[in-house]
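Numbers here are sequence positions counted from 1.
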Amino acid sequence: MVAVSRSFRSLTTRALTALVASGVAVAVLAACSASQWDTSEIDTPAPSTIKEYTRDEVGVRESLVDHLSTVGTNLNEWAAPRPQAECAATKVVDRFGVDRLLELGYEPQDGDLGLSYGDDERTAMMNILAGCIDFQAGLLEMFSAYQKLDFESAACVARGIDRRGLTREFAAGLLIGAEPDPFSNDNALAFGTTAILAECLDDQDLIPVIPQDPFPQDVGETTTTTAKPAEPAEGDGEGSETTTTTTEP
């Protein structure tokens, strides 16, 4: 399925993560590796029945709603709230009609919106998605989840992307069936996002929260550090400070 969640996941793992890899990507790895999750339900999921969608107006609208509002098993995904998905689905069906959507190649079972649109149709679809779905809220959730960024920094980045009109790149990603290309449209997404990150992030956002384990060759070694001799006080002998540290295996 190609849903909002897939577009957001792809962008954060390829485009944005590449731009802030020095901090955000490392922080994500640290946050995930530092927690123990009960994954028994995912490892052994309960049997489920595949939902079948009819190829009429009711089925196509229901398909659009479900695919736009369903988050997959990836914890880094985001999907639109159901009311926003319903808004988009209703407007898509009203604007295009079921026959035209099916003619373009829409398959209710997979919900893929990467269809062979004409230029006007592509613009109309993108306007509907950008008008109904709050991509800024989705970005905020993605950036702040698992403390990738603190909430204030995440909110600043999400507002900046929305203010510059870059959220439409996410909507466009749904229509081409791939993650938004940061270097398309004269590098609009790459340059715009880089400027926003410079405005919103400080040094602390780029410090990875990772335990600093010793290098293997240092385990069992003894390190001795001798400080520069201090000026002795009157009446005292010469003084120096020696610190010995042993790293246990």
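Every residue two or more places apart in sequence or in another chain was checked for a salt bridge (Lys or Arg N to Asp or Glu O under 4.0 Å) with Arg95, and none qualifies. Judged as a side chain to side chain donor-acceptor pair (under 3.5 Å), and not counting sequence neighbours, the contacts of Glu107 are Arg55. For Arg168, the side chain to side chain donor-acceptor pair (under 3.5 Å) test picks out Asn127, with sequence neighbours left out. Scored by the ring pair (Phe, Tyr, Trp, His ring centres under 6.0 Å) test, Tyr53 finds His67 as partners (sequence neighbours excluded). Under the salt bridge (Lys or Arg N to Asp or Glu O under 4.0 Å) criterion, Glu52 pairs with no residue, sequence neighbours left out. Contacts of Thr54 classified as side chain to side chain donor-acceptor pair (under 3.5 Å), with partners at least two apart in sequence or in another chain: Asp56.
No continuous path of ILVMFWY side-chain contacts below 4.5 Å connects Phe191 to Leu189, so the two sit in separate hydrophobic clusters. Cluster membership for Leu102 and Leu64, using ILVMFWY side-chain heavy atoms within less than 4.5 angstrom, is shared. Under a hydrophobic clustering in which Ile, Leu, Val, Met, Phe, Trp and Tyr are joined whenever their side-chain heavy atoms come within less than 4.5 Å, directly or via other members, Phe96 and Val65 fall into different clusters.
Asn187 contributes no side-chain N or O that, together with a main-chain N or O of Ala190, makes up a donor-acceptor pair within less than 3.5 Å. Listed for the Gln109 side chain is a donor-acceptor partner under 3.5 Å among the backbone atoms of Lys51. Side chain of Thr90 to main chain of Glu86: a donor-acceptor pair is present (N/O by atom type, distance under 3.5 Å, no hydrogens or angles). Side-chain atoms of Asp186 never come within 3.5 Å of backbone atoms of Ala188 as a donor-acceptor pair (strictly under, hydrogens ignored).
Proximity of Leu104 to Tyr117: side-chain heavy atoms (C-beta onward) are separated by under 4.5 Å at one or more points. Looking only at side-chain heavy atoms (C-beta outward), Ile133 and Thr167 stay at 4.5 Å or farther from each other. Looking only at side-chain heavy atoms (C-beta outward), Leu113 and Val92 stay at 4.5 Å or farther from each other. Residues Met125 and Leu115 are not in side-chain contact: their nearest non-hydrogen atoms beyond the backbone lie 4.5 Å or more apart. Phe143 has its side chain within reach of Ile161: a pair of non-hydrogen atoms, C-beta onward, lies under 4.5 Å apart.
Summarising the geometry, atom SG belonging to Cys87 is positioned 11.5 Å from atom CG belonging to Asp134; distances are rounded to the nearest 0.5 Å. Taken from CG in Asp162 to CG in Leu140, the straight-line distance is 11.5 Å, to the nearest 0.5 Å. How far OG of Ser116 is from CZ of Arg122: 8.0 Å, rounded to the nearest 0.5 Å. Distance check: Lys91 NZ to Leu129 CG gives 11.0 Å after rounding to the nearest 0.5 Å.
Here the closest non-hydrogen pair linking Ser69 and Ala85 is CB-CB, 3.8 Å. Taking both residues in full, the closest heavy atoms of Ala88 and Leu68 are given as CB-CD1, 4.0 Å, listed atom of the first, atom of the second, then distance. The two atoms that bring Ser63 and Tyr106 nearest to each other are OG-OH, 2.6 Å, heavy atoms only.
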Give the intermediate values and the outcome of side chain to side chain contact (heavy atoms under 4.5 Å, CB included) for residues Thr193 and Leu166.
CA-CA 8 Å; Thr193 303; Leu166 299 177; 4.2 Å; yes
